[in-house]
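Counting starts at 1 for both ligands and their atoms, following the listed order.
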Amino acid sequence: MQLQRRNRILRQSPAIRAMVAETILQPSDFIVPLFIDEGENLQTEIASMPGYYRRSLDLTLKEVKELWSMGIKSVLLFIKCRDEWKDNTGKEAWNKKGLMQRSVKAIKEAVPEMVVMTDVALDPYSSYGHDGIVQNGEIVNDETVEALVKMSISHAEAGADFVAPSDMMDGRIGAIRTGLEETGFTRTGIMSYSAKYASCFYGPFRDALDSAPGFGDKKTYQMDFANRTEAIKETMMDIEEGADIVMIKPALAYLDIIRDIKNVVEVPVSAYQVSGEYAMVKAAAKMGWLNEEKTIIETLTSIKRAGADLIATYFAKDAVRLLG
Ligand code: PBG
């Protein structure tokens, strides 16, 4: 054969492949979700997330120091609220002495340069396990947004670098931005979960925080996974309202959405490789059906290739080690 173009020339050795690789993962791509619990010296493995833990604050600080030493720049905090503090207003969420607020302060003291992001939604604090306030069986929008503003301000006060609203109520980004401006927190960023789908892939996370909805599902606020254009509408509105970073969630089943959004926005795009995505890889690896290390790198590279500038992932430490 006489060919004009031989594509395999660029694939013939590891050195050439490295030279022409279009997507390269690095430690600063990752945001590490951390689950924090009350108590001391406690570390509990999450049943449906083998190898991932919920820790008391003292052990969380050790973990954050280790993450920083590995080159990871950001953590995203979630806390487990005691049942007796849960109610329908979610008021524990803006308790100045609450676990989230204490955790933010302690982490910023221990590792000041670590970028601390906080989950903003009522579900861990809600006696109904919903992201908002419930009235007559409905999750009410505007009352919930008021609560989210209080929650965001209290996180900013504690020293959070970014608040990350994950609730999908209408108008919350604009209201949170206004709230932060009015209280003088002009350096606090907003990473909006702007296209968050009602997904079965959040199952293991709800085990981690004991936050599964007590009735119904989250389909009246989280998006329908059949929709694509709507993700752009949601994201563009969040940017207009003041989001600094937008997020698509989950990641692997939504690579088309990540690319659609990357093509039309001028802010950094993040994606969340969620708990169910982690659990799937772990389960298949345990059965010997997939090579865990290769699956981690391939999925994360695909998410970045699709257009994610940042990836929240439970595999961050593994990935950094593997990239070595
Ligand atoms: C809370 C929240 C959820 C996740 C992040 N923030 C659960 C949900 O919306 O039900 C899921 C994260 C994961 O599955 O890893 N609003």
Name the residues with a heavy atom less than 4.0 Å from ligand 1? Phe78, Asp119, Ala121, Asp123, Asp131, Ser166, Lys196, Phe201, Tyr202, Phe205, Arg206, Lys218, Gln222, Lys249, Tyr272, Val274, Ser275, Tyr314

Which label fits Tyr314 and Tyr278: parallel for a plane angle under 30°, tilted from 30 to 60°, or perpendicular past 60°? perpendicular

Can you classify the ring geometry of Phe35 versus Phe78 as parallel (below 30°), tilted (30 to 60°) or perpendicular (above 60°)? tilted

With no hydrogens and no angle check, just 3.5 Å: does a side-chain donor-acceptor pair link Thr299 and Gln273? yes

Hey, is the main chain of Ile133 close enough, under 3.5 Å, to the side chain of Asn88 for a donor-acceptor pair? no

Checking Lys97 now: which residues fulfil salt bridge (Lys or Arg N to Asp or Glu O under 4.0 Å) with it, not counting sequence neighbours? none

Geometric class of the Tyr193/Tyr272 ring pair [parallel <30°, tilted 30-60°, perpendicular >60°]: tilted

